[in-house]
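Quick notes on the structure that follows.
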2 protein chains.
Amino acid sequence: MKLSARVEYGVRAMAALALHDGLDPLSLKEIARSEDISYQFLEQIFADLRKAGLVESVRGARGGYLLARPPNEINIGDIVRAVEGPIAPVNCLVDDPGSSREPCRHRGEACRARHVWEKLRDRINEVLDSVSLHDLIESKPEPLVK
Amino acid sequence: MKLSARVEYGVRAMAALALHDGLDPLSLKEIARSEDISYQFLEQIFADLRKAGLVESVRGARGGYLLARPPNEINIGDIVRAVEGPIAPVNCLVDDPGSSREPCRHRGEACRARHVWEKLRDRINEVLDSVSLHDLIESKPEPLVK
DNA sequence: AATAATCCCGAGTAATTTGGTCAGAATTGA
DNA sequence: TCAATTCTGACCAAATTACTCGGGATTATT
């Protein structure tokens, strides 16, 4: 039940972009340096963020990335789903509409727990969608109490 | 952001025990067979369930497992935490009080997203703790609409 | 036009986690 | 005594994750 490093990095990088919103493009090199994240790994993550339409790229010298929308219109859920795919806490909830994959069937019965997992998925999305990048950068970083 | 097969198996096995509550011990062999789960993998899972005090074992011939409490006093969260450890959606939330592990600190600041992850963790626990084994076995398995 | 800074892309690799097996000891009802 | 069972620790294979590598495409600057 853990989010990946991609998510952690993605959120931090997007927060960096949000803090720089309205200015010139921010390069991956710069983000990687300031957030201490592998440059090449970040490239992969930004490929996903771009495909999801959360950032826009400016190619060439002095290029970089910009938020595609203002920080209050991008929320953490958008980022998580972009870099990790849709939230699906168990296999039988993976949405895979075309294929004829079995739902969670065991010995002829659909799994009794399905509605629990569905509720869980919905609450997770709710929480992640309730916080925007704007909220994130407004809130003070917590003091480092031991 | 996925629960493991251990959780899925653990919940199904506990539901089987709940359906058999008040009767004689149910053996792992029986559960493994009826739920179509690897016997030896189930052994591992039940070791965790037992250590967590959710089941009691009866050793020897005609032995097996019993729920340690009535089905309405055991909830899905108990099972998930027993077999997967405490819910901690990001590393910086792993509770590890003794050790001096760093909190999520990046370049001197605690991570801005920490409170989001905390809220997420709390909601996940809430959902999982809101459904008991009793609820689970009372609810009809969902019909298998394609 | 040349250069350097940047995004872009696909393949490959190392580390970790997960799901499961194996072998056998300990316990107990029949 | 024997068969059915729990219990334990080590082991193993597959999958996933985190990251690297090599190079191509684009563009501001000189």
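So that the names make sense, note that chain A is the first sequence line, chain B the second, and so on, each numbered from 1. Since the model is a prediction, treat every value here as computed from it, not as a measurement.
At a threshold of 4.5 Å between non-hydrogen side-chain atoms, the residues Val55(A) and Met14(A) count as touching. Side-chain contact between Ile79(A) and Leu49(A) is present, with at least one heavy-atom pair separated by less than 4.5 Å.
In this structure, Tyr65(B) reaches the sugar-phosphate backbone alone: every heavy-atom distance under 4.0 Å involves primed, P, OP1 or OP2 atoms, never a base.
Between the CG atom of Leu120(B) and the CD1 atom of Ile124(A) there is a distance of 6.0 Å, given to the nearest 0.5 Å.
At a cut-off of 3.5 angstrom, counting only N and O atoms as typed in the model, there is no donor on one side facing an acceptor on the other between the side-chain of Arg62(B) and the base of dA30(C). Remark: the Glu43(B) side chain and the dT21(C) base include no donor-acceptor N/O pair separated by less than 3.5 Å. With hydrogens and angles left out, the side chain of Arg59(A) and the base of dA25(D) share a donor-acceptor pair within 3.5 Å. For Gln44(B) against dG20(C), a side-chain N or O and a base N or O form a donor-acceptor pair under 3.5 Å.
As a whole-Å value, the separation of Asp36(A) CG from dC19(D) C1' is 14 Å. For the pair Leu26(A) CG and dT6(C) C1', the interatomic distance rounds to 13 Å; values are reported in whole Å. Separating the CG atom of Asp24(B) from the P atom of dA4(D) is a distance of 16 Å, rounded to the nearest angstrom. Rounded to an integer number of Å, the gap from Arg6(A) CZ to dT20(D) P is 13 Å. The distance between atom NZ of Lys2(B) and atom C1' of dT18(C), rounded to the nearest whole Å, is 13 Å. At whole-Å resolution of the value, CG in Asp48(B) and C1' in dC7(D) are 13 Å apart. Here dT6(D) presents its C1' atom at 13 Å from CG of Leu66(B), a figure rounded to the nearest Å. Here dC7(C) presents its C1' atom at 13 Å from CG of Leu42(A), a figure rounded to the nearest Å.
Between Asp129(B) and Arg81(B) a salt bridge is recorded (basic side-chain N to carboxylate O distance below 4.0 Å).
Judged by distance alone, with hydrogens and angles left aside, the side-chain atoms of Asp135(B) form a donor-acceptor pair with the main-chain N or O of Ser132(B) at under 3.5 Å. Looking at Arg6(B), its side chain does come within 3.5 Å of a backbone N or O of Val83(B) through a donor-acceptor pair.
Between Tyr39(B) and the phosphate of dT6(D), there is a side-chain N or O to OP1/OP2 separation shorter than 4.0 Å. Taking 4.0 angstrom as the limit, Ser57(B) places none of its side-chain polar atoms (N or O) nearer than this to OP1 or OP2 of dT5(D).
Residue Phe41(A) places its side chain closer to dC19(D) than to any other of dC19(D), dG19(C), dT5(D). Of the candidate nucleotides dC7(D), dT6(D), dC19(D), dC19(D) has the atom lying nearest to any side-chain atom of Ala5(A). Checked against dC9(C), dT27(D), dC7(C), the side chain of Ala61(A) finds its nearest nucleotide in dT27(D). Of all nucleotides listed (dT8(D), dC8(C), dT6(D)), dC8(C) comes nearest to the side chain of Arg50(A). With distances taken from any side-chain atom of Ser27(A) to the nucleotides dC7(C), dC19(D), dT21(C), the minimum falls on dC7(C). Closest to the side chain of Tyr9(B), out of dG20(C), dC8(C), dC19(D), is dG20(C).
Looking at which nucleotide of DNA chain C each of Ser38(B) and Gly63(A) is closest to, the 5′-most match is held by Gly63(A). A residue-by-residue look at Leu3(B) and Phe46(A) shows that Phe46(A) has its nearest nucleotide of DNA chain C further toward the 5' end.
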